[in-house]
There are 2 protein chains.
Amino acid sequence: MDWQALIESQPALASIPPALRLVTEHRKIKAGETLFRIGDRVQSMFCVITGEVRLIRHDQHGAQIVLQRSRGGFIAEASLGSKAYHCDAVAAEAGSVLRFPARKFRASLDEDALFRDAWISHLASEVRKLRAQCERLSLNSAAERIIHYMESEGKVGAINLNQSRKAWAAELGLTHETLYRTLRRLQDDGTLDIDGARIAIAHTVS
Amino acid sequence: MDWQALIESQPALASIPPALRLVTEHRKIKAGETLFRIGDRVQSMFCVITGEVRLIRHDQHGAQIVLQRSRGGFIAEASLGSKAYHCDAVAAEAGSVLRFPARKFRASLDEDALFRDAWISHLASEVRKLRAQCERLSLNSAAERIIHYMESEGKVGAINLNQSRKAWAAELGLTHETLYRTLRRLQDDGTLDIDGARIAIAHTVS
DNA sequence: CGTACTTTTGAATCGCATCAAATCTGGTGG
DNA sequence: CCACCAGATTTGATGCGATTCAAAAGTACG
């Protein structure tokens, strides 16, 4: 396995200790493939390299709810301490993932201080990100959620959308129609500069 | 300081190593008191013992958004790895907190394996809880959010509300009026059994 | 007893979801 | 190269439900 290339695409992997690298499998995944199902015993830890994996649950009507959408990085980190998964993991588009045996992963956390520190900061950054997400979802206008996203995710109030707007709408907890309409409105009234995938908060000339 | 009593109220404290206990301060807080402000350097780690502390941020209109509401346990865990706080911490009601020096806290994580494991599972459980919260906030009817809360927070679909309904409404991302009305409706149509602070999903006799 | 806060109900409004449909896009295979 | 298809993007019309503003009643606490 070419770890150098992997680390370039996922810097978080740099701290994976050699012993764990030896037992890591690089697996290709097809769109629609299931990595694990709710209730399965946690025997593996996954890291998305390319493509997109989603953690989903279903409500009583069968509607699917996306818990996490990952286009790179670990998924279901919180499950490492659990017996069983609490959601399904499905590939939304083809790509590849790393599969680490969970036992060895836990052992490495115990033995390797650098790896452990990296893991703790990874969890902490996940907590921060999720809190921002909750904060955003508790805003109740589409425009406020968009602006909040731009301010918290983007640098200097500008983002380069690396996903379809439809997927972005789902992340913002909006329907895609509302997102399209609101973006249009914000562009028309001069709040946003929109150029394809690049969206920026307009500078008001003072 | 009586650690035995503290541990009974907060089992998570059991893994705090002796060296860290020696430098821990047990401080009383008054309602409305500020523990730290956004931008302050992270020099302390706080654990709520009694009372209620909230992490809040303010949007551009000055409306306050609650990021975390704690009635026991660590707050702003993700800040341990940061230079500065990214929100304010304010006591919503009088109580007491433990204050740990951040440097010593970090050092203890490095030195004590049990403490470190406890901290990692604490972070992981926070991630799980926040994901559930995001999942809930992306439901767009008041009734669905209430039911989701009952199913994910309560045992066997019943909860004992340990907060005012107004505070619960804020947590659900609803206005208190909507929560009152929806609870009433769910009770009237037989979906919920409500008796003061005890709320349960009604059993439909099949 | 009075004050502050929560709980409750009412009425009006606004914005988002929903359903529908047309256009555009990228990718596949003939 | 073109036909075709699936999915994304866009626009329109409608209805519902949450917010908002308002006010009254209940409750805890000093």
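Note that the coordinates shown come from a computational prediction; the quantities given were computed from them, not determined experimentally. The chains referred to below are lettered A, B, ... by the order of the sequence lines, with proteins before strands, and numbering in each begins at 1.
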Asker: Please give, in whole Å, the distance from C:dG15 C1' to A:L139 CG?
Answerer: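 Going from A:L139 (CG) to C:dG15 (C1'), I get 15 Å.
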
Asker: Whole angstroms only, please: what is the CH2-P distance between A:W168 and D:dA8?
Answerer: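 After rounding, the gap between these two atoms is 16 Å.
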
Asker: I need the CD-C1' distance between A:E177 and D:dT14, as an integer number of Å.
Answerer: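 Those two atoms, CD and C1', are 13 Å apart.
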
Asker: Whole Å only: how far is the NE2 atom of A:H176 from the P atom of D:dT11?
Answerer: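 The answer, rounded to whole Å, is 13 Å.
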
Asker: Considering just the side-chain nitrogens and oxygens of B:T178, establish if one lies under 4.0 Å of OP1 or OP2 belonging to D:dT19.
Answerer: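 Yes, B:T178 has a side-chain N/O under 4.0 Å of OP1/OP2 on D:dT19.
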
Asker: Just say parallel, tilted or perpendicular for the rings of B:Y85 and B:F36, cut-offs at 30° and 60°.
Answerer: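 Taking B:F36 first and then B:Y85, their aromatic rings lie parallel (interplane angle under 30°).
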
Asker: To the nearest 0.5 Å, how far apart are CZ in A:R57 and NE2 in B:H148?
Answerer: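 A:R57 atom CZ to B:H148 atom NE2 measures 5.5 Å (nearest 0.5 Å).
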
Asker: Once you round it to whole Å, what is the distance between C1' of C:dC16 and CG of B:L137?
Answerer: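 For the pair B:L137 CG and C:dC16 C1', the rounded distance is 16 Å.
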
Asker: Closest heavy-atom contact between A:I38 and A:D88?
Answerer: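 That would be N-OD1, 2.7 Å.
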
Asker: In whole angstroms, how far is the P atom of D:dT9 from the CD1 atom of A:I194?
Answerer: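 Roughly 12 Å, once rounded to whole Å.
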
Asker: Closer than 4.0 Å, any side-chain N/O of A:R184 to the OP1 or OP2 of D:dT11?
Answerer: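 A:R184 to D:dT11 OP1/OP2: side-chain N or O found under 4.0 Å.
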
Asker: With a non-hydrogen cut-off below 4.0 angstrom, is A:S141 in contact with a base, only sugar-phosphate, or nothing?
Answerer: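 Contact class for A:S141: sugar-phosphate only.
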
Asker: Quick check: on DNA chain C, is the nucleotide nearest B:R165 upstream (toward 5') of the one nearest A:R181, or the reverse? Name the residue that is more 5'.
Answerer: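 With A:R181 and B:R165 compared, the 5'-side residue is B:R165.
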
Asker: If I take atom CG in residue A:L183 and atom C1' in nucleotide C:dC16, what distance separates them, rounded to the nearest angstrom?
Answerer: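 My rounded result for the distance is 15 Å.
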
Asker: Is A:Y180 close enough to D:dT9 that one of its side-chain N or O atoms is under 4.0 Å from OP1 or OP2 there?
Answerer: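 For A:Y180, the contact criterion (side-chain N or O under 4.0 Å from OP1 or OP2 of D:dT9) is met.
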
Asker: Using atom CD of B:E144 as one end and atom P of D:dC16 as the other, report the distance to the nearest whole Å.
Answerer: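 After rounding, the gap between these two atoms is 17 Å.
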
Asker: Is the B:F115-B:F105 ring centre distance short of 6.0 angstrom?
Answerer: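 Yes - the distance between ring centres of B:F115 and B:F105 falls below the 6.0 Å cut-off.
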
Asker: Any luck finding a side-chain donor-acceptor pair between A:S79 and B:R128 under 3.5 Å?
Answerer: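 No, because no side-chain N or O of A:S79 sits under 3.5 Å from a partner of the opposite role on B:R128.
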
Asker: Does A:T175 put a side-chain nitrogen or oxygen below 4.0 Å from OP1 or OP2 of C:dA17?
Answerer: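 It does, given that an N or O in the side chain of A:T175 lies less than 4.0 Å from OP1 or OP2 of C:dA17.
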
Asker: Where each residue is assigned the nucleotide of DNA chain C containing its nearest heavy atom, which of B:K166 and A:N140 is assigned the position nearer the 5′ end?
Answerer: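 It is B:K166, whose closest nucleotide lies nearer the 5' terminus.
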
